[in-house]
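Nothing here was measured: the structure is a model prediction, and the numbers come from that model.
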Amino acid sequence: MRPYITSFHSIQSLHRAGQLQKLLYQCEESSEMAETINCNFGRTAVRAIAQNLYVQNGCVKKFPPKAMAQLMQEYQSIFKDTPSMQLNTATSTVIKLLATFNSHWHLQEKKNDFMKTFSIAEWKKLTSVQQAGHTIKQCHTCQTQYQLLTSAFPQKQTSEKKTTMTFTSDDLTSPASIGRAVISQLDPIAHQHTGQSAEQVLSTTSTLMVRPTRSEQQLQTKSIVNKVKKVMQRREKVKQTQMTYHLQKKRTHTSNIGDMMDVPRLLEEARAWPADQVINWSEVARRYGVTKPNGGQYVKEVLAKFGIIAATQNQPPQRKPRRARKVLLPGIPFPMERSMKYHKQKIAEHVKDGKILQGEKVVETTYTKLFISKESTIEEECCSFSAQKIKLIDIRKKLIQKHEELGLVRNQPDCYYDSLPHNDIQTKLLQLGVSTSNLSEPDMQMQLKLLSRQRHLKVWHDHSTIGGHSHILVTVACLYDPLFYLTPSEAGNDVQHIVERPEIHILGRSGASLNDQTLFNQCRLDCIKELSIPILTSTGNPITDILRFFYGDGPAQQYEAGNSIGGIYPCVRCAVDTDTIVNLECAFKCQTMTLQERQHFVLEGTAWKKGGMNIYDKLKKAELTEELQVRQINTRDLNTLQLGRYEVCPVEPLHDLKGHFANILEESEKLLSENALAELKKVKIAILSKSTLRCSDYRKAIILLYIKFRDNKFDKEYEELFRTAAELSHLLYSQDEKRVPKSILALHNISFLHGMICVQLFRDTAPPRMFGCYFHALISHSPLFCRLASMSALNTEDEERIFGQAKSITKSTSNYHVEQVIDNIITRVQVENALLHGTNNVDKEENSIRKLSKVAGNSFKLTLKESVIFSCLEKVFGGGIFLLV
């Protein structure tokens with residue numbers, strides 16, 4: 001063997017391997033280390049004595065060495081009765097301690113507290129027993145009783161001393177001489193710590209090795225590559241053997257054919273399928289009650305045994321394309337990321353196939369832009385930009401295809417309705433509110449088939465700033481209907497949230513004024529008229545889409561309903577004014593108006609013939625007289641515009657709850673007692689201290705306040721106020737599967753009780769905004785609209801997130817050119833939503849709210865007027881309630 005040390009490189013490799021680290025780091029000077037002062041009273045005493053000596057000797061920055069003897073004398077006199085506090089240290093230690101006191105403090109307040117707590121005066125107040133508990137080294141009392149202040153004292157890290165090897169010129173003549181010189185210098189250290197010579201210590205080390213030559217490295221690399229190749233070849237042989245075995249012994253899923261489903265009905269349906277139709281086997285298995293995880297394969301093999309399966313339905317599996325690889329070593333490739341050219345090509349293919357919708361240009365606008373030229377002159381430039389619209393019929397086709405691929409659509413064939421018993425058809429129609437008294441059995445089957453193939457849509461629009469300019473966004477989403485879609489228990493996931501995810505319909509640069517918004521009316525109406533064209537499912541069933549609801553914030557509701565934005569009549573559903581909202585009896589008796597009735601009211605007069613917006617604004621006396629006298633013009637039917645069942649929802653839980661809860665907290669802060677006010681401020685600091693507050697933050701704050709007021713038994717009225725507010729929030733955010741008559745009646749009761757509490761507590765002190773649009777929408781209209789649709793379907797959580805998504809995309813991927821911003825947003829939003837398909841961004845917030853919402857409380861008895869109670873009951877049950885009373 002070669003000698004264990006032949007070059008200085010071996011010593012370096014030995015040091016890197018950690019063999020000599022302990023040996024070298026333990027080699028320190030034989031003299032004792034300088035003592036350190038670890039007692040806080042000792043530190044403060046040195047600091048106080050030195051402060052006086054600074055003044056006496058006229059020094060400002062550095063401690064005078066000549067005054068060290070005087071410092072030691074005064075220190076000994078202070079601690080003369082405590083031997084454990086005697087100081088026998090070098091001058092350098094005291095100077096380092098004083099330098100630490102002058103700097104390295106994190107906060108000046110901490111330094112002041114430290115000097116005050118451990119001052120000489122405080123030391124003299126201690127008893128002799130307490131003083132004896134302190135030591136100059138490793139003071140246990142300071143570390144335990146004054147842990148926080150001790151940790152605040154700045155600690156300077158000290159570097160460990162290392163041994164330096166020295167070599168003469170004779171030692172560096174050859175590798176052997178360097179090795180002998182190193183061993184001779186390590187001998188004393190090895191004898192001191194191990195009792196052996198350095199040669200004996202190094203002989204026990206097995207990791208020392210000579211640096212391999214280039215040829216040795218190449219041979220080692222080749223051996224590694226050969227080993228890897230052999231392993232890969234062995235794995236490939238095993239894989240081929242397994243594939244051959246599986247091909248020879250094909251697995252079957254139909255051992256118990258006929259036991260799991262109605263095979264004759266399946267065969268009858270399969271024979272009616274077109275030859276070029278692609279079948280969703282999982283959806284077919286679900287329709288026939290096959291609950292196995294591989295139900296689609298089961299149905300497919302059943303049809304194959306009877307020879308019905310077509311070649312187009314037996315599609316070959318799509319292989320995943322192999323990535324480009326980078327060779328790190330010969331024969332060892334590693335995968336790389338896709339190139340940008342590949343991504344652009346795939347996006348172009350998706351656009352061509354219709355998976356990514358680009359839309360068309362609409363509402364082209366020309367404007368004049370002022371800019372400063374190179375000659376420092378202001379010049380004008382005419383620019384034009386267009387909005388982007390994805391046709392509604394394309395969105396409808398995309399949604400039905402996506403929901404079918406997920407297996408969420410019932411999509412029953414015609415033979416399913418023909419085979420239903422008469423009693424089942426009649427029961428389902430009665431549940432849907434359809435009278436069957438004058439219908440024959442074929443008519444009832446047709447009626448149920450038409451209702452089951454109707455899908456309802458909802459529209460939302462709002463304005464926000466993107467890239468420094470105001471933009472309008474119009475979205476379209478489906479409305480969850482258990483008659484058209486599977487229930488969550490049947491599908492095993494949150495069906496409502498998946499089907500109600502919004503799609504971008506129109507995105508364009510536009511201001512929030514009425515003139516700017518009306519530019520988009522015609523292109524929206526052109527798409528709405530196309531709702532009369534049915535779309536087909538994968539099995540050829542026609543689907544009829546109905547535009548059912550508009551939902552959004554207050555100004556958007558008023559614009560959509562043709563109501564005056566702002567003013568003293570803000571509600572789009574009834575004629576209540578801002579002064580009457582607080583009068584619940586009057587608010588409950590106000591009759592709601594549909595869009596048909598509002599249109600009929602306008603067309604009865606003559607002011608609408610002039611056109612424009614705000615047709616009743618600034619009418620003269622003669623024109624008002626004529627308007628009141630005429631009122632004889634026939635109305636146009638909204639059904640011709642496919643808007644016969646279109647309504648504007650006056651409730652939007654996201655903004656209404658947030659605004660109403662903010663008003664409650666603001667007014668409660670003025671009237672609460674001292675202890676209750678302190679709890680309210682703690683909750684606001686804990687939850688509502690962020691710069692951007694969301695509705696979920698206010699919901700958490702309301703629930704937490706109710707818990708605090710209930711446990712601490714604060715003001716009973718405010719405890720009931722927060723309880724009803726928390727229950728109101730819970731009911732408005734409940735899913736459609738929980739919308740039953742019991743929950744609707746509970747929403748009537750809770751909203752009524754909450755409204756009465758607000759009136760009793762805040763009517764005399766609160767400003768008008770307390771009883772404004774938010775209060776009126778939640779108390780008067782939310783229970784009634786809950787009868788038509790789930791209130792969670794009217795939340796705009798996902799719609800508002802599209803604006804945030806668009807801003808993030810513009811900031812990170814756009815050059816802010818007007819003609820490129822909108823196209824970039826529409827493409828990237830669709831791609832990102834496809835990647836996040838089926839995920840629920842609201843789950844995390846809702847789960848945290850559910851943990852807080854498991855509260856219960858006793859009902860609070862109120863003294864109510866009998867007329868107010870009857871007004872609420874009349875609104876809940878109709879005029880017939882008075883016959884019961």
Does a side-chain heavy-atom distance below 4.5 Å link [X] with [Y]?
{"X": "P413", "Y": "T539", "result": "no"}
{"X": "C695", "Y": "Y733", "result": "yes"}
{"X": "N541", "Y": "L536", "result": "no"}
{"X": "C649", "Y": "F549", "result": "yes"}

So that I can tick it off, tell me whether E560 and R524 are bridged by a salt bridge, with the cut-off set at under 4.0 angstrom between side-chain N and carboxylate O.
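Result for this pair is yes, salt bridge flagged.
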
Side-chain ion pair, R453 and D545, N-O less than 4.0 Å
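No.
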
Between [X] (side chain only) and [Y] (backbone N and O only), is there a donor and an acceptor less than 3.5 Å apart?
{"X": "S790", "Y": "C786", "result": "no"}
{"X": "D481", "Y": "L483", "result": "yes"}
{"X": "S743", "Y": "K738", "result": "yes"}
{"X": "S452", "Y": "K449", "result": "no"}
{"X": "E360", "Y": "Q388", "result": "no"}
{"X": "N833", "Y": "V829", "result": "yes"}

Check ring-ring contact (aromatic ring centres under 6.0 Å, His included) between Y485 and all other residues, then give those that pass, not counting sequence neighbours.
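Once residues adjacent in sequence are excluded, the partners of Y485 under the ring-ring contact (aromatic ring centres under 6.0 Å, His included) criterion are H403.
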
Just jot down the ring-ring contact (aromatic ring centres under 6.0 Å, His included) partners of F520, sequence neighbours excluded, or say none.
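Residues passing ring-ring contact (aromatic ring centres under 6.0 Å, His included) with F520: none at all.
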
Locate the shortest heavy-atom distance separating D736 from Q496; write the atom from each residue and the value.
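What the structure gives for the nearest pair is N-OE1, 2.9 Å.
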
Looking at every heavy atom in both Y551 and A793, which two are closest together, and how far apart are they?
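Heavy-atom minimum between the residues: CE1-O, 4.3 Å.
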
Please indicate whether [X] has more than 12 foreign heavy atoms, meaning atoms of other residues, nucleotides or ligands, lying under 6.0 Å from its [atom1].
{"X": "K398", "atom1": "NZ", "answer": "yes"}
{"X": "H655", "atom1": "NE2", "answer": "yes"}
{"X": "K807", "atom1": "NZ", "answer": "yes"}
{"X": "K361", "atom1": "NZ", "answer": "yes"}

Salt bridge (charged side-chain N to carboxylate O under 4.0 Å, His left out) between K458 and E647, worked out:
CA-CA 10 Å; K458 56 179 182 177; E647 293 296 339; over 6 Å; no

By side chain to side chain donor-acceptor pair (under 3.5 Å), which residues pair with D553, not counting sequence neighbours?
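Residues passing side chain to side chain donor-acceptor pair (under 3.5 Å) with D553: none at all.
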
E349/K355 under salt bridge (charged side-chain N to carboxylate O under 4.0 Å, His left out): CA gap, chis, key distance, verdict:
CA-CA 9 Å; E349 292 177 0; K355 296 180 180 179; over 6 Å; no

What side-chain donor-acceptor pairs closer than 3.5 Å can you find for residues 424-432, not counting sequence neighbours?
| from | atom 1 | to | atom 2 | distance (Å) |
| --- | --- | --- | --- | --- |
| Q426 | NE2 | T436 | OG1 | 3.4 |
| T427 | OG1 | N423 | O | 2.8 |

Under 3.5 Å, is there a donor on one side chain and an acceptor on the other for [X] and [Y]?
{"X": "E404", "Y": "N411", "value": "yes"}
{"X": "E737", "Y": "T487", "value": "no"}
{"X": "S538", "Y": "N280", "value": "no"}

Tell me the side chain to side chain donor-acceptor pair (under 3.5 Å) pairs involving residues 526-536, sequence neighbours left out?
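Side chain to side chain donor-acceptor pair (under 3.5 Å) check on residues 526-536 returns Q522-D526.
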
Rounded distance [0.5 Å steps], CD in E503 versus CG in D394
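Result: 11.5 Å between the selected atoms.
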
Which residue pairs satisfy the salt bridge (Lys or Arg N to Asp or Glu O under 4.0 Å) criterion with at least one member in residues 278-288, sequence neighbours excluded?
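As it turns out, the salt bridge (Lys or Arg N to Asp or Glu O under 4.0 Å) pairs with a partner in residues 278-288, which skip direct neighbours, are E269-R287, E283-R287.
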
Validation row, ring centre F803 to ring centre H471 under 6.0 Å
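No: the rings miss the under 6.0 Å criterion.
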
Which of parallel (below 30°), tilted (30 to 60°) and perpendicular (above 60°) describes H461 and F550?
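Aromatic pair H461/F550 classed tilted.
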
Qualifying residue for side-chain hydrogen bond (donor to acceptor under 3.5 Å, both in side chains) with D798, from R501, Q805, H497:
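Option passing the side-chain hydrogen bond (donor to acceptor under 3.5 Å, both in side chains) with D798: H497.
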
